[in-house]
Amino acid sequence: MSENVVHLHKNTDPPAAEASVTRLTVVPEPAPVKPVPLWVRSGRAVRTAVTHETTKSTARAVARHGLYTVNGGRIVARRAWDGKTGARYERMLRAAEAAGNYEVAEEWEDRLQRFREARHRRRMDLLHSPLDAAKGVGVGVGMSIGVLVALGIVMAIHNHDIGDVITPLQATVEFIATLITIVQVVWPYATILGPLFALLALWTVGSKQQAAPAWALPDNVRSGEGEPITPSIVVKALRDLGISALRKAITEMGDAGASMLGPIRIAGCGVEVDVTLPSGVSTNEVQGKRRKLAENLTRHEHEVFITIPEAARTVRLWIADSGALDEPIGPSPLVTDETLTANYKTGKAPWGQDLRGDAAGLSVYQRHLLITGLSNQGKTAALRALALWLALDRSVEFWMGDLKGVGDWAMFDGLATRLIQGPTDDHVIQVTEMVEDAVEEMNRRLQAPPGTEFPLLVVIVDEAQVAFMCPLKDEDKRPYGGSSSTSRYFMAARKIHNQGRAVNVLLWQGTQDPTDQNLPKLVREGAHTRASLALGTESQARMALGDKAVDGGAAPNLLRPGLDKGTLVVASDGIEIPKGQSSITVRTHYISTDEATVIAERAKAMRDGVTTLTVIDRGEERDPLADIAAVVGDATRVRTQDVLKRLAVLNQDAYGKWSFLDLKRVLDGTGAEPYKSDGVMVVGRDRLARALTNRDSDGSASASQ
């Protein structure tokens with residue numbers, strides 16, 4: 001390919017000695033860019049100008065202030081109409097009828113009748129007023145002239161000049177002429193300024209009422225951040241819920257829609273108001289529109305709570321200040337007050353704060369407890385906070401099973417009598433046997449003489465769903481998990497729920513993500529205090545708290561996972577719940593593991609010393625049937641009470657807590673069951689011998705097969 005070379009200087013060297021040659025490559029100029037048509041450039045400029053934020057703000061301002069004036073005129077005209085007619089009374093009457101308050105409706109009807117009668121009297125008086133006015137004017141003018149003439153006579157006598165008689169009349173005429181001159185001068189300006197002042201007055205009325213569409217209002221008003229809750233805002237929010245009967249009733253009420261509302265009260269970090277719904281609107285219709293109601297109130301869904309008080313056809317709205325629920329509530333009194341102690345019978349655990357900002361204390365006296373929620377929402381921290389407070393009562397004994405096993409309960413080592421930590425099946429077996437031992441202790445207490453006082457024994461099982469879902473079976477083919485009548489953990493929990501509180505044996509359980517499989521119905525309904533953190537569905541909320549609480553407004557499924565950690569919906573008679581409600585929302589104090597360790601050390605210092613059993617050692621395997629035969633010995637028969645005493649002497653660990661029921665359970669089905677002799681229950685030697693022979697022969701036969 002050839003190149004065009006342009007020499008820039010004269011070459012004085014011979015061709016052979018040419019050392020350097022500067023070459024310039026000529027590049028053709030690019031084709032000229034096609035100019036943008038004028039109409040395209042103009043369109044772009046117009047679009048930029050129209051869509052610019054300054055233009056939008058200016059347009060909104062012009063529309064806003066113009067609409068303030070127009071709508072201000074409408075407001076003034078309506079007020080004038082209300083003042084001259086009975087429209088206001090009629091609206092109030094319709095509002096009372098729509099709300100079903102017929103007594104108030106009758107009162108407004110009476111007021112309307114009185115207003116009409118008074119107006120009729122005023123109109124009848126107008127028939128006579130022209131003549132009366134004419135007479136009044138004539139009399140007034142005559143009296144005025146007489147007074148002026150009399151004044152002139154006095155002046156004439158004083159000045160000895162007869163011309164002073166008309167001086168007051170002349171001065172009055174000149175004053176009236178001056179006023180007419182002033183009016184003639186001012187009138188042209190008044191005809192211009194008067195309408196302007198009138199428009200300014202209308203604009204002022206409209207601006208105070210924010211009488212303009214939302215799109216025309218300033219940004220800070222449209223965003224609603226920090227906007228106070230007023231009756232008109234609440235009524236508009238209810239009207240726009242999409243409930244036709246409610247909207248129709250409010251429309252008929254007009255401005256009197258606020259008659260549905262009770263007083264708006266400051267309640268903690270928000271406000272609270274009771275709304276009496278009109279006839280034809282049910283409370284559950286409003287509850288089902290919680291998100292839309294919150295957005296109509298310029299709030300997030302989690303910032304509005306709807307509950308059902310005692311009053312019929314009434315919902316109670318609690319509306320938080322914007323962003324207030326995202327602020328922490330402060331440390332627990334257990335952390336800040338080192339002198340704090342607990343009293344199981346009369347005290348209340350300082351658990352947190354309710355939505356009103358008041359301290360929420362929970363009484364645990366003779367109440368089984370269940371706390372549930374999704375994973376990592378603060379369940380263990382909430383359960384542990386109650387246990388830490390109760391530990392400050394030195395009379396309380398703890399048996400604990402942590403089936404997570406990551407050290408959340410390690411600070412109770414040296415404080416709890418039993419502490420089992422771990423997630424394996426072996427740990428489930430240990431925890432199940434611990435709960436069964438609590439059942440035996442409960443039975444022992446139940447058989448004590450009437451009036452016997454027992455210290456509190458609290459059995460705590462964290463991550464209880466692991467126990468319910470355990471697939472293992474014991475040597476008798478009884479499952480540890482499950483919810484059948486043979487399931488060991490399930491049946492032990494049920495027995496404590498049934499009778500434990502009577503003798504101060506309580507079961508506290510923490511579980512996550514409840515289902516019918518990992519939290520059976522009979523167990524969850526056996527808890528007196530039920531609390532739930534954030535959950536996924538309403539059906540789970542019903543499992544956690546029960547139908548009554550959910551139907552009454554409890555909605556842990558509407559809490560925000562991750563953002564509302566430690567926020568519990570509680571259904572219990574052990575906590576102060578507003579009258580008429582079935583649950584309360586509590587924001588619990590968070591106690592870290594390090595802080596929990598410090599509190600546990602204070603609790604340990606109150607005790608003489610506790611040896612914590614971390615593994616339940618059952619010792620050597622015993623053969624109960626053979627041991628019973630051994631203690632009966634050569635006697636023909638022995639009373640059951642004596643058999644139990646001899647078994648306890650034989651092995652205190654294995655048989656020290658046995659009751660007649662345990663003895664009967666072992667002997668049932670063997671042919672050596674206890675029977676009555678001379679009016680007392682006994683165990684026979686011959687029957688025991690046959691039972692042992694039959695068992696051994698059955699075992700040999702099975703082995704040979």
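Reckoned from all heavy atoms, side chains included, excluding hydrogens, waters and symmetry mates. Keep in mind the model is a prediction, meaning the values are calculated, not measured.
Between the side chains of T424 and D426, not a single donor N or O lies within less than 3.5 Å of an accepting N or O. Of the N and O atoms on the side chains of Q465 and E463, at least one donor lies less than 3.5 Å from an acceptor on the other residue. Between the side chains of S659 and D662, at least one donor N or O sits under 3.5 Å from an acceptor N or O.
With a 6.0 Å radius and a threshold of 12 heavy atoms from other residues, nucleotides or ligands, E576 has its CD atom at or below the threshold. When the shell of 6.0 Å around CG of L563 is examined, it contains more than 12 heavy atoms from other residues, nucleotides or ligands. The number of heavy-atom neighbours closer than 6.0 Å to NZ of K348, taken from other residues, nucleotides and ligands shown, is above 12. Under a cut-off of 6.0 angstrom, the local environment of CZ in R291 is sparse, with at most 12 non-hydrogen atoms contributed by other residues, nucleotides or ligands.
The main-chain N or O of A312 is found under 3.5 Å from a side-chain atom of T314 such that the two form a donor-acceptor pair. Using a distance-only test at 3.5 Å, with no hydrogens or angles considered, a donor-acceptor pair links the side chain of T588 to the main chain of G566. Side chain of R488 to main chain of E436: no donor-acceptor pair is present (N/O by atom type, distance under 3.5 Å, no hydrogens or angles). Listed for the E285 side chain is no donor-acceptor partner under 3.5 Å among the backbone atoms of V281.
With rounding to the nearest 0.5 Å, the separation of CG in L374 from CG in L535 is 5.5 Å. Taken from CG in L369 to CD in Q509, the straight-line distance is 9.0 Å, to the nearest 0.5 Å.
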Exercise for review: In sequence, state the C-alpha distance, the side-chain angles, and the governing distance for K292 and D240, and then conclude on salt bridge (Lys or Arg N to Asp or Glu O under 4.0 Å).
Suggested key: CA-CA 9 Å; K292 193 168 187 177; D240 297 336; over 6 Å; no
Practice item. Check the pair D573 / R367 against salt bridge (Lys or Arg N to Asp or Glu O under 4.0 Å), numbers first and verdict last. Key: CA-CA 9 Å; D573 60 351; R367 292 178 176 90; 2.9 Å; yes
Review point. Can you list the steps and then say if E440 with R444 is a salt bridge (Lys or Arg N to Asp or Glu O under 4.0 Å)?
Key: CA-CA 6 Å; E440 293 184 9; R444 183 187 69 82; over 6 Å; no
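In this pair, Y655 and W658 present their aromatic rings perpendicular. The plane angle is above 60°, beyond the 30 to 60° band. The aromatic rings of H497 and H368 are tilted relative to each other, their planes meeting at an angle between 30° and 60°.
In this structure, R501 is not positioned above the aromatic face of Y365 in the sense of NZ or CZ being under 6.0 Å from the six-membered ring centre and within 45° of the axis.
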